[in-house]
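These notes are about the structure you will find just below.
Heavy-atom basis, side chains included; hydrogens, waters and symmetry copies ignored. So that the names make sense, note that chain A is the first sequence line, chain B the second, and so on, each numbered from 1.
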2 protein chains.
Amino acid sequence: IVRIQDIRKTYFLGPVTLPVLKDVNLSFPEGSFTAIMGPSGSGKSTLLNLLGCLDRPTEGKYLLEDVDVSTMDDDALSAIRNTRIGFIFQSFNLISSLNVLENIEVPLFYQHLGKQESRRRAKELAKSVGLGHRFNHYPNELSGGECQRVAIARSLANNPAIILADEPTGNLDTKTGEEILHLIENLHQEGKTIIMVTHDPEIALESERTVHLRDGEVERIEEHKGR
Amino acid sequence: IVRIQDIRKTYFLGPVTLPVLKDVNLSFPEGSFTAIMGPSGSGKSTLLNLLGCLDRPTEGKYLLEDVDVSTMDDDALSAIRNTRIGFIFQSFNLISSLNVLENIEVPLFYQHLGKQESRRRAKELAKSVGLGHRFNHYPNELSGGECQRVAIARSLANNPAIILADEPTGNLDTKTGEEILHLIENLHQEGKTIIMVTHDPEIALESERTVHLRDGEVERIEEHKGR
Ligand SMILES: Nc1ncnc2c1ncn2[C@@H]1O[C@H](COP(=O)(O)OP(=O)(O)OP(=O)(O)O)[C@@H](O)[C@H]1O
Ligand SMILES: Nc1ncnc2c1ncn2[C@@H]1O[C@H](COP(=O)(O)OP(=O)(O)OP(=O)(O)O)[C@@H](O)[C@H]1O
Ligand SMILES: [Mg+2]
Ligand SMILES: [Mg+2]
């Protein structure tokens, strides 16, 4: 469902050329669950942003459901991002002027659900991540882990086919982290394609295979078929 | 060196009263290394903000080096915060218009070092957290873990007596996290008082004792004298 070929991502900072992704080739079959691990600064978030169509590669091809993403215009790309892909950002990216329910509802705007249905769905998602008691709080009135959970709930609002999670349990205690992982596993059971960056080897083992990134290259891929 | 008695912190949100810290009593001897653990939303960051004089309790006493903090005026409080306490925020709180070295230098402003000495110290700190190759990057050009490391370096700039760390390794891979923990242990060896919030039981075991927080109260304190 997702395939990247000879991907390079380089930043140009004045006189300095900084290659961050160097010749990455990866295939993510439909319904697969892949973890991505690697040292801080190795290019994991950069890779995920490319997969989520939030950024474009400097070189290489990105095939999303067999369509070359670089040939799509902005509207088509935007439609794909909003209906097919759910993204959980490493730094949450919540809107500070919207409360928990309103933040979760943001992607639903594209589905043209009625206000009542939209609110009902947002409440259901908030409860599924343990925030049933925080509907009206604003991001600055939430703990770090609560912000992370709002980001997770929001990523699921459109019932996307592909979920890209950038360290979804980084700010959560062990128990809450396990509940979120359980939620993600259920989505995998439903047939969704999951690509999850994590620093926690225990969490990576819940996936079907782990891609190990180092200095912008795939060092090795470890198959382990989940638990 | 740090003592809190009968501390309460309550938020007043319209008609709703939300008690977040309920009757917390804790003592942190000089030179001690304490970990704080607890579920997401249990009050850890709120407690740390109180300890760092970034917030005031709703009720209760906070004695910092035997002085009642509530009797200090804003200037005295500000002087303490900038010279005696180093704070690592859960969400980093970097200044987006300043690059890595400039962010680390911010607390040095209060020490009136010359521009050259200030820059030399910032470079040394950046290297100590593995960012010797990122001096001129801005926060939006850094990975999550790199941002976290800038926050750590900045907290050490003033060589503070007390270090308050809110999940200092949450965005770091295992190896980088261990390097940072090693750095923190060295500071402890130098006689600093360390209070560190963490979700990782492995990391907590590197401290001398772990305070377990639940629903805004100290559930238990576990002594384990570090490794
Ligand atoms: N300004 C505020 N107004 C209202 N409620 C708040 C405010 N700030 C925090 N809270 C609430 O206080 C509780 C404790 O927050 P705190 O940030 O201390 O939790 P935490 O233990 O650090 O959690 P985490 O592990 O997720 O970082 C949370 O449930 C949060 O919703
Ligand atoms: N806009 C940018 N300009 C220049 N360099 C950048 C930019 N964005 C990221 N980088 C650099 O690219 C490298 C990879 O960043 P990335 O965020 O992908 O790392 P990561 O693997 O997600 O790390 P972490 O585990 O710390 O989150 C980093 O070393 C970072 O400094
Ligand atoms: Mg990252
Ligand atoms: Mg917190």
Side chain from CB out, backbone as N, CA, C, O: work out which of these in Thr176(A) comes under 4.5 Å of a heavy atom of chain B, or both, or neither.
side chain

dist Leu172(B):CG -> Glu167(A):CD (nearest 0.5 Å) comes out at 9.0 Å

Determine whether a donor-acceptor pair (N or O, by modelled atom type, separation under 3.5 Å) exists between the side chain of His199(B) and the backbone of Asn171(A).
yes

Counting heavy-atom pairs under 4.5 Å with chain A, the top scorer among Asn136(B), Asp166(B), Asp173(B) is Asp173(B)

Step through the shown structure and confirm whether more than 12 heavy atoms of other residues, nucleotides or ligands are within 6.0 Å of NZ on Lys22(A).
yes

Step through the shown structure and confirm whether more than 12 heavy atoms of other residues, nucleotides or ligands are within 6.0 Å of CZ on Arg119(B).
yes

Taking everything shown except Arg120(A) itself, do over 12 heavy atoms lie less than 6.0 Å from its CZ?
yes

Engaged part of Leu142(B) at the chain A interface, taking heavy atoms whose separation is under 4.5 Å:
neither

Assess whether atom CD of Glu223(B) is packed by more than 12 heavy atoms of other residues, nucleotides or ligands within 6.0 Å.
yes

Side chain / backbone / both / neither for Glu146(B) at chain A, heavy atoms under 4.5 Å:
both

Flag yes if more than 12 heavy atoms outside Asp74(B) fall under 6.0 Å of its CG atom; otherwise flag no.
no

Using non-hydrogen atoms and a 4.5 Å limit, figure out which bit of Ser143(A) sits close to chain B: side chain, backbone, both or neither.
side chain

Residue Asp215(B) excluded, over 12 heavy atoms near CG under 6.0 Å:
no

I need the residue from Gln148(B), Arg134(B), Lys175(B), Lys44(B) with the largest number of non-hydrogen atom pairs under 4.5 Å to chain A.
Arg134(B)

Worked verdict on Leu18(A) versus Glu141(B) for side chain to side chain contact (heavy atoms under 4.5 Å, CB included)
CA-CA 11 Å; Leu18(A) 188 66; Glu141(B) 297 170 338; over 6 Å; no

Just checking Arg81(A): does its CZ atom have more than 12 heavy atoms from other residues, nucleotides or ligands closer to it than 6.0 angstrom?
yes

